[in-house]
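Working notes for the structure below.
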Amino acid sequence: MRALGSSIYQRLVIIVPYAWLLIFFLAPFLIVFRISLSTKAMSVPPYDPSFAWSDSFGDWWDKLQAMSFDNYVWLTGDPLYMNAYLQSLQIAGISTLLTLIIAYPIAYGMAQAPRTIRPTLLMLVILPFWTSFLIRVYSWMSILSTTGLLNQLLMALGIIHEPLVILNTNTAVYIGMVYSYLPFMVLPLYSALEKMDGTLIEAAQDLGCTPIGAFWRVTFPLSIPGVVAGCMLVFIPAVGEFVIPDLLGGSETLMIGKVLWTEFYSNTDWPLASAVATILLLVLVVPIVFFQHFQAKADEKGR
(Lines give C-alpha, C1' and ligand atoms only; values in the text may rest on other atoms or scores of the structure.)
Protein backbone atom coordinates (compact mmCIF):
# COMPACT_ATOMS: atom_id res chain seq x y z
CA MET A 1 0.00 0.00 0.00
CA ARG A 2 2.83 2.36 0.83
CA ALA A 3 4.48 1.67 -2.54
CA LEU A 4 1.15 2.19 -4.32
CA GLY A 5 0.60 5.49 -2.52
CA SER A 6 4.10 6.64 -3.42
CA SER A 7 3.52 5.71 -7.08
CA ILE A 8 0.24 7.65 -7.19
CA TYR A 9 1.89 10.65 -5.54
CA GLN A 10 4.73 10.65 -8.10
CA ARG A 11 2.25 10.49 -10.97
CA LEU A 12 0.24 13.36 -9.53
CA VAL A 13 3.41 15.45 -9.22
CA ILE A 14 4.03 14.88 -12.94
CA ILE A 15 0.40 15.30 -14.02
CA VAL A 16 -0.22 18.62 -12.25
CA PRO A 17 2.24 20.76 -14.30
CA TYR A 18 1.14 19.08 -17.54
CA ALA A 19 -2.51 19.73 -16.67
CA TRP A 20 -1.63 23.35 -15.90
CA LEU A 21 0.02 23.74 -19.33
CA LEU A 22 -2.90 22.03 -21.02
CA ILE A 23 -5.53 24.28 -19.44
CA PHE A 24 -3.72 27.63 -19.46
CA PHE A 25 -1.44 27.32 -22.49
CA LEU A 26 -2.49 24.71 -25.03
CA ALA A 27 -6.26 25.29 -24.80
CA PRO A 28 -6.04 29.12 -25.22
CA PHE A 29 -3.54 28.62 -28.06
CA LEU A 30 -5.93 26.29 -29.88
CA ILE A 31 -8.76 28.80 -29.45
CA VAL A 32 -6.63 31.63 -30.85
CA PHE A 33 -5.39 29.41 -33.70
CA ARG A 34 -9.00 28.49 -34.55
CA ILE A 35 -9.94 32.17 -34.73
CA SER A 36 -6.92 32.87 -36.95
CA LEU A 37 -8.34 30.45 -39.54
CA SER A 38 -11.69 32.23 -39.56
CA THR A 39 -12.86 35.18 -41.63
CA LYS A 40 -13.85 38.65 -40.46
CA ALA A 41 -17.59 39.26 -40.17
CA MET A 42 -19.97 41.94 -38.97
CA SER A 43 -21.23 39.97 -36.01
CA VAL A 44 -20.61 39.32 -32.32
CA PRO A 45 -17.93 38.02 -32.02
CA PRO A 46 -16.69 39.70 -35.21
CA TYR A 47 -15.61 36.59 -37.14
CA ASP A 48 -17.11 33.65 -38.99
CA PRO A 49 -15.64 30.49 -37.43
CA SER A 50 -14.16 27.94 -39.80
CA PHE A 51 -15.58 25.16 -37.63
CA ALA A 52 -17.48 24.85 -34.36
CA TRP A 53 -16.61 22.65 -31.40
CA SER A 54 -20.07 21.04 -31.68
CA ASP A 55 -19.51 19.84 -35.25
CA SER A 56 -19.38 16.11 -35.90
CA PHE A 57 -16.08 14.46 -36.83
CA GLY A 58 -17.11 14.24 -40.48
CA ASP A 59 -17.91 17.96 -40.56
CA TRP A 60 -14.58 18.72 -38.90
CA TRP A 61 -12.64 16.74 -41.49
CA ASP A 62 -14.42 18.47 -44.37
CA LYS A 63 -13.85 21.90 -42.84
CA LEU A 64 -10.23 21.14 -42.00
CA GLN A 65 -9.63 20.37 -45.68
CA ALA A 66 -11.28 23.66 -46.63
CA MET A 67 -9.38 25.77 -44.08
CA SER A 68 -8.03 29.07 -45.31
CA PHE A 69 -4.64 30.46 -44.29
CA ASP A 70 -5.35 33.81 -45.96
CA ASN A 71 -4.61 35.72 -42.76
CA TYR A 72 -1.09 34.26 -42.56
CA VAL A 73 -0.53 34.95 -46.26
CA TRP A 74 -1.62 38.55 -45.65
CA LEU A 75 0.95 38.92 -42.87
CA THR A 76 3.78 37.85 -45.16
CA GLY A 77 2.70 40.30 -47.85
CA ASP A 78 2.34 43.41 -45.65
CA PRO A 79 5.70 44.87 -44.49
CA LEU A 80 4.00 46.55 -41.50
CA TYR A 81 3.76 43.30 -39.57
CA MET A 82 7.26 42.10 -40.44
CA ASN A 83 8.68 45.47 -39.36
CA ALA A 84 6.70 45.24 -36.12
CA TYR A 85 8.12 41.79 -35.39
CA LEU A 86 11.68 42.85 -36.19
CA GLN A 87 11.47 46.08 -34.18
CA SER A 88 9.93 44.19 -31.25
CA LEU A 89 12.82 41.73 -31.29
CA GLN A 90 15.33 44.59 -31.56
CA ILE A 91 13.87 46.63 -28.71
CA ALA A 92 13.46 43.54 -26.52
CA GLY A 93 17.03 42.42 -27.25
CA ILE A 94 18.60 45.81 -26.50
CA SER A 95 16.44 46.19 -23.38
CA THR A 96 17.52 42.74 -22.18
CA LEU A 97 21.19 43.59 -22.71
CA LEU A 98 20.88 46.92 -20.87
CA THR A 99 18.98 45.24 -18.05
CA LEU A 100 21.71 42.61 -17.72
CA ILE A 101 24.47 45.26 -17.61
CA ILE A 102 22.67 47.15 -14.84
CA ALA A 103 21.37 44.12 -12.90
CA TYR A 104 24.60 42.15 -12.69
CA PRO A 105 26.48 44.62 -10.42
CA ILE A 106 23.36 44.94 -8.26
CA ALA A 107 23.01 41.18 -7.88
CA TYR A 108 26.74 40.76 -7.30
CA GLY A 109 26.72 43.43 -4.59
CA MET A 110 23.74 41.78 -2.93
CA ALA A 111 25.46 38.38 -2.99
CA GLN A 112 28.64 39.85 -1.46
CA ALA A 113 26.79 41.83 1.22
CA PRO A 114 26.64 40.55 4.82
CA ARG A 115 23.99 37.90 5.30
CA THR A 116 22.19 40.02 7.86
CA ILE A 117 21.25 42.72 5.33
CA ARG A 118 20.61 40.49 2.29
CA PRO A 119 16.88 40.07 3.09
CA THR A 120 16.55 43.88 3.26
CA LEU A 121 18.30 44.31 -0.08
CA LEU A 122 16.10 41.62 -1.58
CA MET A 123 13.00 43.38 -0.30
CA LEU A 124 14.15 46.66 -1.87
CA VAL A 125 14.43 44.90 -5.24
CA ILE A 126 10.92 43.48 -4.92
CA LEU A 127 9.48 46.72 -3.51
CA PRO A 128 8.41 48.20 -6.91
CA PHE A 129 6.00 45.27 -7.35
CA TRP A 130 3.97 46.69 -4.47
CA THR A 131 2.87 49.49 -6.79
CA SER A 132 0.71 49.02 -9.87
CA PHE A 133 2.70 48.52 -13.07
CA LEU A 134 0.53 51.05 -14.89
CA ILE A 135 1.07 53.72 -12.22
CA ARG A 136 4.84 53.23 -12.43
CA VAL A 137 4.81 53.68 -16.20
CA TYR A 138 2.64 56.79 -15.90
CA SER A 139 5.13 58.21 -13.40
CA TRP A 140 7.87 57.89 -16.01
CA MET A 141 5.73 59.98 -18.37
CA SER A 142 5.87 62.88 -15.91
CA ILE A 143 9.58 62.33 -15.21
CA LEU A 144 10.66 62.23 -18.88
CA SER A 145 8.44 65.00 -20.27
CA THR A 146 9.98 68.33 -21.33
CA THR A 147 8.67 69.90 -18.09
CA GLY A 148 9.34 66.80 -16.03
CA LEU A 149 11.58 66.18 -13.06
CA LEU A 150 14.57 64.96 -15.09
CA ASN A 151 14.75 68.02 -17.35
CA GLN A 152 14.21 70.38 -14.43
CA LEU A 153 17.04 68.72 -12.49
CA LEU A 154 19.46 68.81 -15.43
CA MET A 155 18.66 72.46 -16.12
CA ALA A 156 19.02 73.37 -12.46
CA LEU A 157 22.47 71.77 -12.41
CA GLY A 158 23.44 73.65 -15.57
CA ILE A 159 24.07 70.46 -17.56
CA ILE A 160 21.57 71.47 -20.25
CA HIS A 161 20.08 74.84 -21.23
CA GLU A 162 16.91 73.62 -22.92
CA PRO A 163 14.69 70.63 -22.21
CA LEU A 164 15.60 67.29 -23.78
CA VAL A 165 12.99 65.49 -25.85
CA ILE A 166 12.97 62.02 -24.31
CA LEU A 167 9.30 61.16 -24.02
CA ASN A 168 7.68 59.57 -27.10
CA THR A 169 11.02 58.20 -28.33
CA ASN A 170 12.66 54.78 -28.31
CA THR A 171 14.95 56.05 -25.54
CA ALA A 172 11.96 56.43 -23.25
CA VAL A 173 10.84 52.91 -24.18
CA TYR A 174 14.26 51.51 -23.24
CA ILE A 175 14.18 53.38 -19.93
CA GLY A 176 10.71 52.04 -19.17
CA MET A 177 11.65 48.50 -20.17
CA VAL A 178 14.83 48.42 -18.09
CA TYR A 179 13.13 49.91 -15.05
CA SER A 180 10.09 47.61 -15.24
CA TYR A 181 11.93 44.35 -15.87
CA LEU A 182 15.04 44.97 -13.74
CA PRO A 183 13.83 42.82 -10.79
CA PHE A 184 13.23 39.88 -13.16
CA MET A 185 16.94 40.01 -14.04
CA VAL A 186 18.29 40.71 -10.56
CA LEU A 187 16.52 37.85 -8.77
CA PRO A 188 17.84 34.89 -10.85
CA LEU A 189 21.31 36.47 -10.97
CA TYR A 190 21.30 36.90 -7.20
CA SER A 191 20.12 33.31 -6.76
CA ALA A 192 23.04 32.01 -8.86
CA LEU A 193 25.68 34.28 -7.30
CA GLU A 194 24.51 33.74 -3.73
CA LYS A 195 25.04 29.97 -4.03
CA MET A 196 28.60 30.33 -5.35
CA ASP A 197 31.41 29.04 -3.13
CA GLY A 198 33.64 31.98 -2.20
CA THR A 199 36.66 29.72 -1.69
CA LEU A 200 36.83 29.26 -5.48
CA ILE A 201 37.71 32.93 -5.89
CA GLU A 202 40.36 32.67 -3.17
CA ALA A 203 41.83 29.61 -4.88
CA ALA A 204 41.93 31.40 -8.25
CA GLN A 205 43.70 34.39 -6.71
CA ASP A 206 46.18 32.10 -4.91
CA LEU A 207 47.01 30.59 -8.31
CA GLY A 208 47.85 34.02 -9.71
CA CYS A 209 44.55 35.36 -11.05
CA THR A 210 43.85 39.06 -10.68
CA PRO A 211 40.45 40.02 -9.21
CA ILE A 212 39.17 40.81 -12.72
CA GLY A 213 40.62 37.57 -14.09
CA ALA A 214 39.04 35.58 -11.26
CA PHE A 215 35.70 37.20 -12.04
CA TRP A 216 35.77 36.25 -15.74
CA ARG A 217 37.27 32.79 -15.16
CA VAL A 218 35.25 31.73 -12.10
CA THR A 219 32.38 34.03 -11.09
CA PHE A 220 30.83 34.78 -14.46
CA PRO A 221 30.90 31.20 -15.80
CA LEU A 222 29.23 29.94 -12.61
CA SER A 223 26.54 32.63 -12.92
CA ILE A 224 25.64 31.79 -16.54
CA PRO A 225 22.51 29.80 -15.53
CA GLY A 226 21.23 32.92 -13.75
CA VAL A 227 22.17 35.08 -16.75
CA VAL A 228 20.25 32.82 -19.13
CA ALA A 229 17.22 32.60 -16.82
CA GLY A 230 17.16 36.37 -16.30
CA CYS A 231 17.48 37.08 -20.03
CA MET A 232 14.58 34.75 -20.79
CA LEU A 233 12.43 36.32 -18.06
CA VAL A 234 13.06 39.78 -19.54
CA PHE A 235 13.20 39.10 -23.28
CA ILE A 236 10.05 36.98 -23.64
CA PRO A 237 7.55 39.44 -22.07
CA ALA A 238 9.40 42.43 -23.54
CA VAL A 239 8.77 41.23 -27.10
CA GLY A 240 5.01 41.41 -26.63
CA GLU A 241 4.99 44.49 -24.38
CA PHE A 242 2.14 46.92 -25.05
CA VAL A 243 1.79 49.39 -22.16
CA ILE A 244 5.36 50.77 -22.20
CA PRO A 245 5.65 51.45 -25.97
CA ASP A 246 2.11 52.81 -26.05
CA LEU A 247 2.62 55.30 -23.19
CA LEU A 248 6.32 56.14 -23.52
CA GLY A 249 6.98 55.49 -27.22
CA GLY A 250 6.20 57.67 -30.18
CA SER A 251 4.82 57.10 -33.65
CA GLU A 252 8.12 55.55 -34.74
CA THR A 253 7.95 52.92 -32.00
CA LEU A 254 6.27 50.02 -33.76
CA MET A 255 5.97 46.93 -31.59
CA ILE A 256 3.84 43.88 -32.17
CA GLY A 257 1.89 44.47 -28.94
CA LYS A 258 0.57 47.77 -30.29
CA VAL A 259 -0.27 46.12 -33.62
CA LEU A 260 -2.22 43.40 -31.81
CA TRP A 261 -4.19 45.97 -29.83
CA THR A 262 -4.98 47.95 -33.00
CA GLU A 263 -6.20 44.89 -34.88
CA PHE A 264 -8.33 43.65 -31.98
CA TYR A 265 -9.92 46.89 -30.78
CA SER A 266 -9.59 49.51 -33.51
CA ASN A 267 -9.98 47.38 -36.62
CA THR A 268 -11.94 44.59 -34.85
CA ASP A 269 -10.18 42.11 -37.13
CA TRP A 270 -9.96 39.21 -34.71
CA PRO A 271 -8.83 36.58 -37.25
CA LEU A 272 -5.87 38.69 -38.42
CA ALA A 273 -4.97 39.65 -34.85
CA SER A 274 -5.11 35.98 -33.84
CA ALA A 275 -2.76 35.11 -36.71
CA VAL A 276 -0.36 37.81 -35.46
CA ALA A 277 -0.55 36.40 -31.94
CA THR A 278 -0.01 32.83 -33.15
CA ILE A 279 3.15 33.76 -35.06
CA LEU A 280 4.40 35.76 -32.06
CA LEU A 281 3.90 32.74 -29.82
CA LEU A 282 5.78 30.49 -32.24
CA VAL A 283 8.63 33.01 -32.36
CA LEU A 284 8.83 33.03 -28.56
CA VAL A 285 8.90 29.24 -28.43
CA VAL A 286 12.45 29.37 -29.88
CA PRO A 287 14.12 31.00 -26.81
CA ILE A 288 12.02 28.81 -24.51
CA VAL A 289 13.29 25.65 -26.23
CA PHE A 290 16.83 27.05 -26.11
CA PHE A 291 16.50 27.70 -22.37
CA GLN A 292 15.19 24.18 -21.72
CA HIS A 293 18.05 22.71 -23.77
CA PHE A 294 20.57 24.80 -21.83
CA GLN A 295 18.99 23.82 -18.52
CA ALA A 296 19.11 20.14 -19.43
CA LYS A 297 22.82 20.43 -20.29
CA ALA A 298 23.50 22.26 -17.03
CA ASP A 299 21.71 19.52 -15.07
CA GLU A 300 23.78 16.85 -16.82
CA LYS A 301 27.02 18.66 -15.95
CA GLY A 302 25.84 19.03 -12.36
CA ARG A 303 25.46 15.28 -12.09
Side-chain angles (χ1 to χ4, degrees), residues 17 88-130 133 136 140 170-171 173-241 244 283-303:
S88 295
L89 293 173
Q90 176 187 345
I91 292 176
I94 295 175
S95 299
T96 302
L97 179 61
L98 294 174
T99 306
L100 175 62
I101 293 172
I102 297 173
Y104 202 101
I106 297 174
Y108 186 80
M110 291 171 58
Q112 297 298 316
R115 292 187 177 274
T116 54
I117 66 171
R118 288 182 190 178
T120 303
L121 297 175
L122 194 60
M123 185 195 69
L124 292 176
V125 172
I126 303 174
L127 193 62
F129 289 122
W130 296 4
F133 173 75
R136 287 185 280 134
W140 276 107
N170 283 349
T171 302
V173 175
Y174 291 132
I175 293 173
M177 289 278 196
V178 172
Y179 166 77
S180 300
Y181 291 109
L182 187 63
F184 293 101
M185 184 70 77
V186 171
L187 294 178
L189 285 174
Y190 169 74
S191 177
L193 291 169
E194 195 266 341
K195 296 175 183 177
M196 190 180 64
D197 188 357
T199 58
L200 296 175
I201 303 295
E202 296 177 2
Q205 292 178 347
D206 290 341
L207 293 173
C209 267
T210 63
I212 297 178
F215 172 81
W216 287 112
R217 290 173 180 269
V218 179
T219 303
F220 187 76
L222 291 176
S223 67
I224 286 180
V227 171
V228 175
C231 289
M232 293 299 103
L233 288 174
V234 173
F235 179 80
I236 292 173
V239 171
E241 181 61 52
I244 295 174
V283 169
L284 293 179
V285 164
V286 175
I288 294 174
V289 171
F290 167 76
F291 174 69
Q292 290 181 339
H293 179 70
F294 176 85
Q295 196 68 28
K297 279 191 172 182
D299 292 341
E300 290 179 1
K301 289 182 180 179
R303 294 173 185 173

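Since the model is a prediction, treat every value here as computed from it, not as a measurement. When reading the values below, keep in mind they use all heavy atoms of this one structure, side chains included, and skip hydrogens, waters and symmetry mates.
Counting non-hydrogen atoms of neighbouring residues, nucleotides and ligands closer than 6.0 angstrom, the CD1 atom of Ile212 reaches no more than 12 such neighbours. Surrounding CZ of Arg118 are more than 12 heavy atoms belonging to other residues, nucleotides or ligands, all under 6.0 Å away.
Nearest heavy-atom pair, Ala204 versus Val218, reported as atom, atom and distance to 0.1 Å: CB-CG2, 3.9 Å. Smallest separation of non-hydrogen atoms from Ile175 and Trp140: CG2-CZ3, 3.7 Å. The minimum heavy-atom distance between Phe220 and Val227, with the atom names listed, is CE1-CG2, 4.3 Å. Closest non-hydrogen pair, Ile244 versus Val173, comes out as CG2-O, 3.8 Å. The two residues Ile201 and Ala214 have their closest heavy-atom pair at CD1-O, 4.1 Å. For the residue pair Val125 and Met110, the shortest heavy atom distance occurs at CG2-SD, 3.7 Å.
Of the possible donor and acceptor atoms, one in the side chain of Arg136 sits under 3.5 Å from a partner among the backbone N and O of Pro128. Without hydrogens or angle criteria, Ser191 side chain to Leu187 main chain gives no donor-acceptor distance under 3.5 Å.
A distance of 11.0 Å separates CG of Leu182 from CG of Leu98, quoted to the nearest 0.5 Å. Note that CG of Asn170 is 10.0 Å distant from CE of Met177, once rounded to the nearest 0.5 Å. Atom-to-atom distance recorded for Ser95:OG and Glu241:CD is 9.5 Å, nearest 0.5 angstrom. In this structure, CG in Leu222 is found 11.0 Å from CZ in Phe215, a value given to the nearest 0.5 Å. For the atom pair Leu97 CG and Leu100 CG, the distance stands at 6.5 Å (nearest 0.5 Å). In this structure, Lys195 NZ and Tyr190 OH are separated by 11.0 Å, a value rounded to the nearest 0.5 Å.
Note on ring orientation: taking the six-membered ring where Trp is involved, the planes of Phe129 and Phe184 are perpendicular (angle over 60°, cut-offs 30° and 60°).
Leu189 has its side chain out of reach of Ile106: every pair of non-hydrogen atoms, C-beta onward, lies at least 4.5 Å apart. Here the side chains of Met185 and Thr96 are in contact, with some heavy-atom distance below 4.5 Å. When side chains are defined from C-beta on, Thr219 counts as touching Met196, because their heavy atoms get closer than 4.5 Å.
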- Message: Before you tell me yes or no, could you show the steps for Ser223 and Tyr104 under side chain to side chain donor-acceptor pair (under 3.5 Å), namely the whole-Å CA-CA distance, both residues' side-chain angles and the distance that decides it to 0.1 Å?
- Response: CA-CA 10 Å; Ser223 67; Tyr104 202 101; 2.6 Å; yes

